[in-house]
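Structure, as structure tokens:
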Amino acid sequence: MADGRASARGRPAADARSAAFGKPLLSLALAGMMEDVRALAGGVYLLAPGGSVLEMAVMAGLPRAFAAPWERVGISSPVPVAEAARERRFVWVGGDEDMARRYPRVAVVLPYPFALAAVPVATASTVYGSVFVTWPGSHPPELSDRERTQLSTACDRLALRLERAAAEHRQLRPEADLLPISPEAPTADPLGTVEAARMVARLPYGLCSLDLHGRVRFVNAAAADLLGVPADALLGTQLWVSVPWLDDPVYEDRYRAALFSLHVTSFVALRPPGDWLSFRLYPSATGLSVRITRARAVTELDRAGRRPGGPSSLVTISQVLSLAGALTEAASVQDVIQLVADEIMPAAGCQTLVLLGSQSGRMRVVGHRGYADPELVERFDGLPRTAPTPGNQVLSTGVPAFFESRGEVERAYPAVREMSGPTAAWAFLPLIASGRPVGTCVLGYAEQHAFPADERAVLTSLGGLIAQALERAILYDAKHRVAHGLQAALLPSSLPSLPGFESAARYLPATQGMDIGGDFYDLVWSHGRASAVIGDVQGHNVTAAGLMGQIRTAVRAYTTVGQAPQEVMSSTNRLLIDLGTELFASCLYLRLDPGTGRAVMARAGHPQPLLRHPDGRVRVLDLAGGPLLGIDASATYPTTEVELPPGCVLALYTDGLIESPGVDIDETLTALGRRLAETGDRPLDELADGLVEFGAGVTERVDDIALLLLRARVED
């Protein structure tokens with residue numbers, strides 16, 4: 001900030017607004033802080049009523065568009081200003097790599113070299129918000145004691161003023177952001193003299209001036225000619241808006257990079273049909289000076305199919321945000337691997353991918369892509385965390401490693417020589433989520449690959465996002481295994497053999513939630529008679545599954561002691577009410593006498609079963625019944641006797657088989673009956689698979705499915 005940037009854009013502008021807004025408390029405080037520590041930009045956040053959201057009240061130094069994703073920040077968000085307010089502590093981020101490791105969500109949008117300090121605005125009793133200030137990448141990686149003290153003291157003073165204003169019931173008035181004063185209107189002669197204008201006009205290259213918003217304030221004739229747009233059509237507009245072939249987020253991002261870092265930035269762009277132009281951006285306190293020339297020397301590179309000198313595609317903000325959004329959709333570990341392969345590998349331009357996970361002191365190969373011979377990767381599975389490998393090193397230190405050639409990595413890690421194959425360059429990204437090591441992401445390139453600073457920053461940021469997605473996925477997979485284990489333990493592992501009857505059962509979890517639910521079935525052989533039950537406890541969680549297990553156990557117990565069907569249902573209903581749960585359950589219970597081929601059925605709010613006769617006719621059994629279990633302790637459950645002739649098939653099912661959003665249940669039930677009629681002669685296991693597939697055809701199945709089939713054997 002050797003150009004006195006804060007002073008130029010801070011206090012004078014704030015003083016000018018005093019008459020209009022009263023005393024601009026926040027603006028003056030922010031401008032003073034920026035001037036004291038010679039900062040590039042800054043902002044003040046205030047805690048909204050309720051205490052869960054920080055709202056940006058004023059920004060200085062750069063347009064608010066630079067901080068647009070953080071206009072409102074949740075107090076629990078993993079960003080510096082929220083952390084400063086939440087933990088009431090000074091947060092220092094010493095550069096782009098530090099930002100990428102600790103706050104990947106910020107770095108992925110602002111992959112530029114800059115340093116940042118976030119400071120709480122709080123008294124001993126109340127947190128009012130926080131302040132951030134930034135410096136260009138040229139700032140030392142450590143904050144001086146003087147800078148730290150000045151910022152902390154200024155924020156403490158601001159907190160006391162806010163406390164006094166609150167005690168006096170004075171509300172803060174809206175304050176305008178602080179930016180340098182720009183000319184009232186664009187001009188073709190901003191230099192002030194005719195001779196200076198003539199000098200610029202005689203130069204053989206194009207010159208134009210952009211303000212902080214990227215609008216053209218001056219353009220010479222050579223620049224207009226090179227761009228192919230008249231000067232009067234350029235003035236007051238943004239280049240990427242008024243020049244069609246510059247309408248690419250990559251070029252807009254170069255403007256942002258120059259302003260944010262105060263580093264000279266350049267890129268080349270193709271003006272159709274075949275002219276390459278070179279753009280060099282010189283940033284200052286009030287905007288950018290842009291020099292435009294022809295770039296004939298890049299013709300050969302153009303023929304090779306590359307965009308020479310242009311910024312990495314990873315730096316495109318919209319693309320990076322798309323990648324980040326895709327990672328949030330990953331549920332399982334395999335989802336993460338597939339998304340990284342589909343989304344990040346093409347953007348990074350790499351050909352191979354390995355995800356390593358840290359488990360019990362060893363590195364495990366979680367997944368990989370791009371290797372013709374999987375053994376090249378899998379032989380590294382199980383290596384101890386102490387082994388001298390780049391994957392272990394980056395995970396231990398939290399610092400990514402980039403090797404532009406095979407020789408470079410082999411010199412540092414001789415063990416890599418054992419990895420034959422086409423890979424010639426690597427990026428090793430530490431996967432660290434919430435301060436915990438998760439693993440390492442290894443990107444491999446078939447050719448030597450240079451890693452510019454902005455690409456390194458974005459890859460490091462993406463490593464942080466991958467880490468968060470992988471941590472969630474590992475937790476999801478663990479819950480998934482527990483859920484399936486619990487479900488398997490609560491449902492019968494096999495069905496007993498019944499004289500005169502075949503049986504088959506299927507269970508299919510919902511596609512949403514934890515893959516666990518309250519659907520259950522059972523088949524019991526006791527006292528020379530068979531009993532079958534099917535039911536559905538509302539909910540798709542561990543509570544529902546646990547209650548389902550209690551109901552199934554109770555039904556089996558009441559059956560074993562010889563209770564009649566209506567008594568079994570009444571006893572189970574009272575048990576559910578005694579348990580004090582708020583969940584209800586539907587249930588269908590039947591007592592089957594194999595000798596007579598007759599069944600006595602009781603129903604509690606459950607879907608009516610289907611009966612397929614030997615001649616192929618299918619009908620819905622109209623059974624008497626009572627309310628759902630768990631509603632009324634005095635409820636009764638009348639029974640219905642049904643004859644099951646040899647060759648018939650009885651289908652008991654839960655509502656997940658016939659219910660889906662937006663579909664009429666009667667139409668679905670009719671279609672299910674038609675399928676049962678057409679396929680009912682098939683072997684029972686094959687028939688069960690076909691009926692479950694009928695319900696599994698729904699893309700987003702919100703309910704689980706249980707199916708129990710009984711077929712009366714035909715005597716030979």
Side-chain angles (χ1 to χ4, degrees), residues 327 330-398 400-433 436-449 459 462-481 484:
L327 283 172
S332 67
V333 170
Q334 290 305 312
D335 288 342
V336 173
I337 296 168
Q338 194 60 48
L339 275 168
V340 173
D342 292 345
E343 300 284 346
I344 293 179
M345 285 180 66
C350 63
Q351 286 70 48
T352 62
L353 161 74
V354 181
L355 277 185
L356 300 171
S358 177
Q359 181 181 0
S360 302
R362 295 185 178 272
M363 296 294 278
R364 298 292 181 182
V365 176
V366 176
H368 56 83
R369 293 290 187 275
Y371 287 90
D373 183 3
E375 290 186 3
L376 290 174
V377 177
E378 292 170 358
R379 67 170 132 174
F380 290 92
D381 185 57
L383 282 179
R385 281 282 305 276
T386 55
T389 65
N392 284 337
Q393 179 67 20
V394 300
L395 188 57
S396 299
T397 62
F402 301 93
F403 300 97
E404 300 183 1
S405 66
R406 174 175 284 273
E408 191 176 331
V409 70
E410 287 180 352
R411 285 191 295 272
Y413 300 94
V416 176
R417 291 194 183 97
E418 301 176 13
M419 288 187 64
S420 57
T423 310
W426 288 269
F428 290 84
L429 309 175
L431 304 182
I432 299 175
R436 296 186 298 274
V438 177
T440 304
C441 176
V442 186
L443 304 179
Y445 299 79
E447 300 177 356
Q448 293 188 16
H449 184 84
L459 287 175
L462 286 174
L465 296 174
I466 295 170
Q468 294 171 7
L470 187 59
E471 183 184 47
R472 290 194 304 268
I474 290 173
L475 180 60
Y476 173 87
D477 282 353
K479 290 181 177 179
H480 189 81
R481 288 191 295 271
H484 274 269

Answer yes or no: is there a side-chain heavy-atom contact under 4.5 Å between Tyr413 and Gln393?
yes
Measure across Gln351 and Ala446 and return the closest heavy-atom pair with its distance rounded to 0.1 Å.
OE1-N, 2.6 Å
I'd like to know if the side chain of Arg406 reaches the main chain of Thr423, judged simply by a donor and an acceptor atom lying under 3.5 Å from each other, with no hydrogens or angles considered.
yes
Check whether any side-chain N or O of Glu410 sits under 3.5 Å from a backbone N or O of Glu408 as a donor-acceptor pair, and report yes or no.
no
Identify the two heavy atoms, one from Pro437 and one from Ile432, that lie closest to each other, and give their separation to 0.1 Å.
CA-CG1, 4.3 Å
Shortest non-hydrogen contact from Val336 to Ala469?
CG2-O, 3.7 Å
Please name the pair of heavy atoms, one in Gly382 and one in Arg362, separated by the smallest distance, quoted to 0.1 Å.
O-NH1, 2.6 Å
Measure the acute angle between the ring planes of Tyr445 and His449, then classify it against the limits of 30° and 60° as parallel, tilted or perpendicular.
parallel
Only one of Leu475, Val340, Leu465, Val333 forms a side chain to side chain contact (heavy atoms under 4.5 Å, CB included) with Leu470, so which one is it?
Val333
Non-hydrogen side-chain atoms of Val366 and Ile337 separated by less than 4.5 Å:
yes
Evaluate the side chain to side chain contact (heavy atoms under 4.5 Å, CB included) criterion for residues Phe402 and Leu429: first the C-alpha distance (whole Å), next the side-chain angles of each, then the deciding distance (0.1 Å), finally the verdict.
CA-CA 9 Å; Phe402 301 93; Leu429 309 175; 4.0 Å; yes
Quick one: OH on Tyr371 to CD on Glu378, what's the gap to the nearest 0.5 Å?
11.5 Å
How close do Gly463 and Leu431 get, heavy atom to heavy atom, and via which atoms?
O-CD2, 3.2 Å
Where do Ala433 and Glu471 come nearest, in terms of heavy atoms and distance?
CB-OE1, 3.4 Å
